[in-house]
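Everything on this sheet refers to the single structure shown next.
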Amino acid sequence: MSATSKSKPRYDEPCRALGEERTEPELDALVRDIIGRVADRWTMICLEVLADHGRLRFGRLADVMGDVSQKMLTKTLRQMEADGLVTRTVYPVVPPRVEYELTPIGLSLGAAFCSVWLWAEEHHDAIVASRAAFQARESDG
C-alpha cells in the first residue's frame with residue numbers, strides 16, 4: 001500500500017475499524033451504488049416519513065414530506081421500489097388509489113441510517129459553529 005493510499009480516508013474505514021474488511025469487488029460496487037442511490041435528500045426523507053407514518057397514499061406522502069415536486073417524489077419512489085425498499089399497492093377503484101409502505105429491507109435501512117441522526121445530534125453544536133465561522137470568513141473575504 002502506498003503512502004498516498006494510507007493517508008486517504010475511505011468510506012469503509014468505520015467498518016474496517018470494527019474488523020470488517022471489504023475485499024469483494026462486487027460487494028464494494030454494490031455498497032457504493034446503494035450509498036449513491038439512498039443518501040440523497042428525498043430518499044432519506046421518504047424513508048423517515050414512511051417509517052413514522054406507515055402506509056401512505058402518494059398525495060399524503062407528498063404533503064408530509066414538504067416541498068418535494070410530484071416528479072421528484074415519483075422518481076424517488078420508483079427507485080426505492082426497484083431497490084426493494086418500498087411496496088406500491090394499486091387498488092382497482094375509481095379514482096385509482098395507490099399506497100406506499102416500507103418493506104422489511106426498507107425498515108432495516110431506516111434503522112441503519114438512525115446512526116446518522118444520532119451522529120448529527122451529537123455533533124450539532126460543532127457543525128453550527130463551523131458553519132457560522134465559515135460564513136464569517138466568506139463574508140469578510
Side-chain angles (χ1 to χ4, degrees), residues 1-93 95-141:
M1 186 181 284
S2 70
T4 306
S5 64
K6 277 186 178 180
S7 63
K8 183 179 177 186
R10 293 175 36 118
Y11 72 92
D12 64 350
E13 283 298 322
C15 295
R16 290 199 280 151
L18 295 171
E20 298 286 329
E21 284 293 322
R22 302 286 185 234
T23 56
E24 298 176 37
E26 287 180 23
L27 179 59
D28 190 53
L30 178 64
V31 169
R32 287 174 184 256
D33 180 57
I34 289 171
I35 289 171
R37 289 180 69 143
V38 302
D40 69 88
R41 174 184 181 187
W42 296 118
T43 301
M44 295 297 295
I45 292 172
C46 190
L47 197 67
E48 179 185 18
V49 167
L50 289 172
D52 288 347
H53 296 274
R55 183 181 304 143
L56 291 175
R57 292 180 71 169
F58 184 92
R60 179 70 179 132
L61 180 57
D63 289 344
V64 176
M65 286 179 65
D67 61 346
V68 64
S69 70
Q70 181 175 345
K71 180 179 177 181
M72 183 52 69
L73 182 54
T74 298
K75 179 182 175 198
T76 300
L77 287 167
R78 286 187 180 170
Q79 181 176 298
M80 291 176 74
E81 183 181 9
D83 289 338
L85 304 176
V86 299
T87 57
R88 177 179 185 262
T89 305
V90 180
Y91 296 93
V93 295
R97 188 174 98 211
V98 180
E99 294 179 337
Y100 296 89
E101 68 180 316
L102 292 176
T103 63
I105 200 170
L107 286 167
S108 70
L109 179 62
F113 276 111
C114 190
S115 59
V116 174
W117 273 268
L118 294 173
W119 176 89
E121 182 178 37
E122 179 181 342
H123 299 287
H124 176 267
D125 293 341
I127 293 168
V128 169
S130 181
R131 288 178 176 176
F134 178 82
Q135 184 64 36
R137 286 192 311 273
E138 289 293 303
S139 60
D140 289 343

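- With values rounded to the nearest 0.5 angstrom, Arg41 atom CZ is found 5.0 Å from Asp67 atom CG.
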- Please walk me through it: do Met80 and Leu47 pass side-chain contact (heavy atoms from CB on, under 4.5 Å)? CA-CA 9 Å; Met80 291 176 74; Leu47 197 67; 4.1 Å; yes
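- Side-chain contact between Leu56 and Val49: present, with at least one pair of heavy atoms (C-beta onward) separated by less than 4.5 Å.
- Around CD1 of Ile127, the count of heavy atoms belonging to other residues, nucleotides or ligands within 6.0 Å exceeds 12.
- Taking both residues in full, the closest heavy atoms of Gln79 and Arg37 are given as NE2-O, 2.8 Å, listed atom of the first, atom of the second, then distance.
- For the 3.5 Å distance criterion, the side chains of Tyr91 and Glu99 qualify, holding a donor opposite an acceptor.
- Atom CE of residue Met72 and atom NZ of residue Lys75 lie 5.0 Å apart, to the nearest 0.5 angstrom.
- Note that the CD1 atom of Ile45 and the CG atom of Leu73 stand 11.0 Å from one another [nearest 0.5 Å].
- Atom CE of Met65 sits about 12.5 Å away from atom CZ of Arg60, to the nearest 0.5 Å.
- Note: Asp63 CG to Arg57 CZ = 11.5 Å, rounded to the nearest 0.5 Å.
- A distance of 12.5 Å separates CE of Met44 from OG1 of Thr76, quoted to the nearest 0.5 Å.
- Heavy-atom minimum distance, Gly84 versus Thr103: O-OG1, 2.5 Å.
- Two residues are said to be in side-chain contact when any heavy atoms from C-beta on lie closer than 4.5 Å; Leu77 and Leu61 meet this criterion.
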- Task: Give the C-alpha distance, both sets of side-chain angles, the deciding distance and a yes or no for side-chain contact (heavy atoms from CB on, under 4.5 Å) between Phe134 and Arg131.
- Result: CA-CA 5 Å; Phe134 178 82; Arg131 288 178 176 176; 5.6 Å; no
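- Taking every heavy atom of both residues into account, Ala112 and Ser115 meet most closely at O-OG, 3.0 Å.
- Remark: side-chain polar atoms of Thr43 are not paired, donor with acceptor, to backbone N or O of Ala39 under 3.5 angstrom.
- Using a distance-only test at 3.5 Å, with no hydrogens or angles considered, no donor-acceptor pair links the side chain of Asp83 to the main chain of Leu85.
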